[in-house]
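Data first, discussion second: the structure below is written as structure tokens.
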Amino acid sequence: MSLERFPVGVLPSSKDIAGVNMRLTAGSYREMHWHTADEWAYVLYGNARVTVMNPDGTMFIGDVGEGDLWLFPAGFPHSIQGLGPDGTEFLLVFNQGNFSEDGTMLLSETVAHIPPEVLAKNTGLDKSVFAQRPWRHSTSFPVACPTGIAIRQDCRIASARTSVLD
């Protein structure tokens, strides 16, 4: 993952918005996270898979490509994965001029601070599963590149042009 940030300190004329240019290689993904600001994005190059959790607990999963847009409202957990053949590059825009990574909460950081007993009770898994958590501070991970979207009962699947807010 590579990124270049454009907060108000870098772009002084911008008081109300901040930008990030991000690139994900094919297969790499930005882990599930959420922000204190709304996130808009415009895909500059390639293809990506976006996932967002709606307030009712349902998941939206969709593929986007060059020229597509997405919107993740503040507080909505979401992830982004670069797809083949060459990953993706996109411009992120946040509706806070002083937005920074300090306004981003990572799922791995959240889970790392929850006692194994609580995780076990809430997931139905044995607490030994959570005893040794290998998570370190990292915002993207390389994995095998997916091919198609598997349809599951607990996921809403939509085309790339369908709004995340549907």
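None of these values were measured; they are calculated from a predicted model.
With sequence neighbours excluded, no residue satisfies side chain to side chain donor-acceptor pair (under 3.5 Å) with Asn47. Looking at residues two or more places apart in sequence or on another chain, you find a ring-ring contact (aromatic ring centres under 6.0 Å, His included) between Phe90 and Trp70. For Asp126, the side chain to side chain donor-acceptor pair (under 3.5 Å) partners at least two apart in sequence or on another chain are Ser128.
For Arg23 against Gly87, the heavy-atom pair with the smallest separation is NH1-C, 3.7 Å. The minimum heavy-atom distance linking Pro85 with Ala26 is given by the pair O-CB, 4.0 Å. Pro77 and Met32 get closest at one heavy-atom pair: C-SD, 3.4 Å.
With respect to His35, the ring-ring contact (aromatic ring centres under 6.0 Å, His included) criterion is satisfied by exactly one of Phe72, Phe76, Phe94, Trp40: Phe94.
The main-chain N or O of Ala74 is found under 3.5 Å from a side-chain atom of Asp38 such that the two form a donor-acceptor pair. Thr123 places a side-chain N or O within donor-acceptor distance of the main-chain N or O of Leu119, the cut-off being under 3.5 Å. Of the possible polar contacts, one joining the His33 side chain to the His78 backbone as a donor-acceptor pair under 3.5 Å is found.
Residues Leu92 and Tyr42 are not in side-chain contact: their nearest non-hydrogen atoms beyond the backbone lie 4.5 Å or more apart.
Between the CD1 atom of Ile80 and the CE atom of Met22 there is a distance of 6.5 Å, given to the nearest 0.5 Å. Distance CG/Leu69 to CG/Leu91: 10.5 Å, rounded to 0.5 Å. For the atom pair CG of Leu83 and CG of Asp63, the computed distance is 5.0 Å after rounding to the nearest 0.5 Å.
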Q | Check against side chain to side chain contact (heavy atoms under 4.5 Å, CB included), Thr51 and Met59 | A | CA-CA 7 Å; Thr51 303; Met59 301 295 286; 3.4 Å; yes

(Q) If you apply the rule side chain to side chain contact (heavy atoms under 4.5 Å, CB included), what do you find for Arg30 with Gln81, and how did you get there? (A) CA-CA 6 Å; Arg30 175 86 157 101; Gln81 182 174 24; over 6 Å; no

Q: Please lay out, stage by stage, how Glu39 and Leu71 fare under the test side chain to side chain contact (heavy atoms under 4.5 Å, CB included).
A: CA-CA 6 Å; Glu39 173 186 309; Leu71 164 66; over 6 Å; no

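Residue pairs satisfying the side-chain hydrogen bond (donor to acceptor under 3.5 Å, both in side chains) criterion with at least one member in residues 82-92, sequence neighbours excluded, are listed as follows: Asn21-Glu89, Tyr45-Asp86.
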